[in-house]
Amino acid sequence: DDYVLLNDKSATVAVKARGSRTMLAKLNKADITAYVDLNGYNQTGSFTIPVSVRLPYEEVSVVEKKPYGVNVQIDQLVTQEFPVTVEVTGEPRDGFEVYNLSSQQSTVEIKGPSDLVTSVERVVAALDVSGATDDVVRNPALICYNTNEDVVASKYLTLTPDKPDVRCEILKRKNVPIKAVLKDYSGGHVAEVLNNGYVTVLARQEVLDTVTELYTKPLDVSGIVGDAQVTAQIDLPPGVVIREGVTEVTVGVSVSRQ
């Protein structure tokens, strides 16, 4: 229990038997069983275990077997939990962007030989979003990587779950102007958003089609008597986000000379 045989491929053994001519004539190689007994080998390591041979007749004996022993590798089974990292491959259709990545299962339980499990550095769920214009929801197979970014794969590794539910949120992209709004505007000030006055917004296509411009939250400029620069919060409509998490802009305020 809790140990695994790593090199469990079949090996060939040559057997020389002795017996009467009559008994040897009855002997067929399909009747001969060669095996190694792993009972009691409950420890990690490499061992050379003698080959045992079972013959169908007591009147026949084994006088030689090659090889005499078989080398086996035994490792302990361990279980470890790893976080799941969602990574995208490919690019959405032009004008769309990846906004958010999520996995229904944030962790995975890996069971296998200790040497293999401890070599795992990270576990990735890769999601192909090539040409996407809407959310991508799939169940990609998990991939394990070691510190050298080599894939760690073996029939002895068990991942639970092995194909988690992964979602990639795809939003449409658009550049829109942003205008400054003055609180209780009396006509004595002029305000303009600096740095070209445009921002890149993301939203569902049906939402973004209704957005032609954005506004700042009302600015109180009653105390400004000359030229000044102030920071204004952006008033975002529901369902609209600004790329790179921008929440405010710089507004240039001046007193009208008219």
Side-chain angles (χ1 to χ4, degrees), residues 1-13 32-54 65-92 97-132 134-171 241 245:
D1 290 342
D2 296 326
Y3 285 86
V4 62
L5 179 65
L6 297 182
N7 56 333
D8 58 357
K9 293 183 180 180
S10 298
T12 300
V13 178
I32 303 174
T33 302
Y35 63 95
V36 292
D37 187 1
L38 296 178
N39 186 41
Y41 285 89
N42 55 341
Q43 56 183 313
T44 298
S46 180
F47 307 93
T48 299
I49 304 178
V51 174
S52 299
V53 177
R54 184 183 299 113
K65 52 191 175 183
K66 294 181 180 179
Y68 177 82
V70 174
N71 182 266
V72 299
Q73 293 177 329
I74 299 174
D75 201 357
Q76 186 174 15
L77 290 173
V78 297
T79 301
Q80 188 172 336
E81 192 171 77
F82 292 84
V84 175
T85 302
V86 182
E87 295 182 355
V88 298
T89 61
E91 294 289 340
E97 285 191 13
V98 172
Y99 175 64
N100 187 44
L101 297 170
S102 62
S103 174
Q104 189 174 13
Q105 292 81 25
S106 60
T107 61
V108 61
E109 186 177 86
I110 300 181
K111 182 177 182 179
S114 60
D115 281 353
L116 282 177
V117 174
T118 55
S119 72
V120 175
E121 176 68 16
R122 63 191 187 100
V123 181
V124 173
L127 197 61
D128 186 5
V129 300
S130 299
D134 202 353
D135 291 357
V136 178
V137 182
R138 295 201 180 106
N139 301 94
L142 294 176
I143 305 173
C144 300
Y145 293 94
N146 61 20
T147 54
N148 296 324
E149 288 299 295
D150 297 322
V151 175
V152 180
S154 170
K155 66 178 181 179
Y156 304 109
L157 286 180
T158 302
L159 281 67
T160 307
D162 60 338
K163 294 181 179 181
D165 297 326
V166 177
R167 173 183 291 273
C168 178
E169 189 175 0
I170 305 291
L171 299 180
V241 295

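In this text, all values refer to a predicted model and were calculated from it rather than measured experimentally.
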- Just do the side chain to side chain contact (heavy atoms under 4.5 Å, CB included) check on Leu116 and Val152 with the steps written out, would you? CA-CA 7 Å; Leu116 282 177; Val152 180; 4.2 Å; yes
Taking every non-hydrogen atom, the tightest pair across [X] and [Y]:
X      : Y      : value
Gln105 : Asp165 : OE1-N, 3.2 Å
Gln43  : Ile74  : O-CG2, 3.3 Å
Cys168 : Val98  : SG-CG1, 3.6 Å
Phe82  : Val120 : CE2-O, 3.4 Å
Asp128 : Val136 : O-CG1, 4.0 Å
Cys144 : Val123 : SG-CG2, 4.2 Å

Is [X] reaching over with its side chain to a backbone N or O of [Y], donor-acceptor style, under 3.5 angstrom?
X      : Y      : answer
Asn148 : Asp150 : no
Lys65  : Val53  : no
Tyr156 : Leu6   : yes
Asp135 : Ile170 : yes
Asn7   : Asn71  : yes
Arg54  : Tyr35  : no

Rounded distance (nearest 0.5 Å) linking atom [atom1] of [X] with atom [atom2] of [Y]:
X      : Y      : atom1 : atom2 : value
Lys163 : Arg138 : NZ    : CZ    : 13.0 Å
Asp75  : Asp2   : CG    : CG    : 11.5 Å
Leu5   : Tyr41  : CG    : OH    : 12.0 Å
Leu101 : Glu169 : CG    : CD    : 9.5 Å
Leu77  : Thr158 : CG    : OG1   : 8.5 Å
Glu97  : Leu171 : CD    : CG    : 8.5 Å

Are [X] and [Y] side-chain neighbours, meaning at least one heavy-atom pair lies under 4.5 Å?
X      : Y      : result
Arg167 : Ser102 : yes
Ile110 : Leu159 : yes
Leu142 : Asp162 : no

Please determine whether the number of non-hydrogen atoms from other residues, nucleotides or ligands lying under 6.0 Å from atom [atom1] of [X] exceeds 12.
X      : atom1 : result
Tyr99  : OH    : no
Arg122 : CZ    : yes
Lys111 : NZ    : no
Glu91  : CD    : no

- Derivation and outcome, side chain to side chain contact (heavy atoms under 4.5 Å, CB included), residues Val151 and Tyr145: CA-CA 5 Å; Val151 175; Tyr145 293 94; 3.8 Å; yes
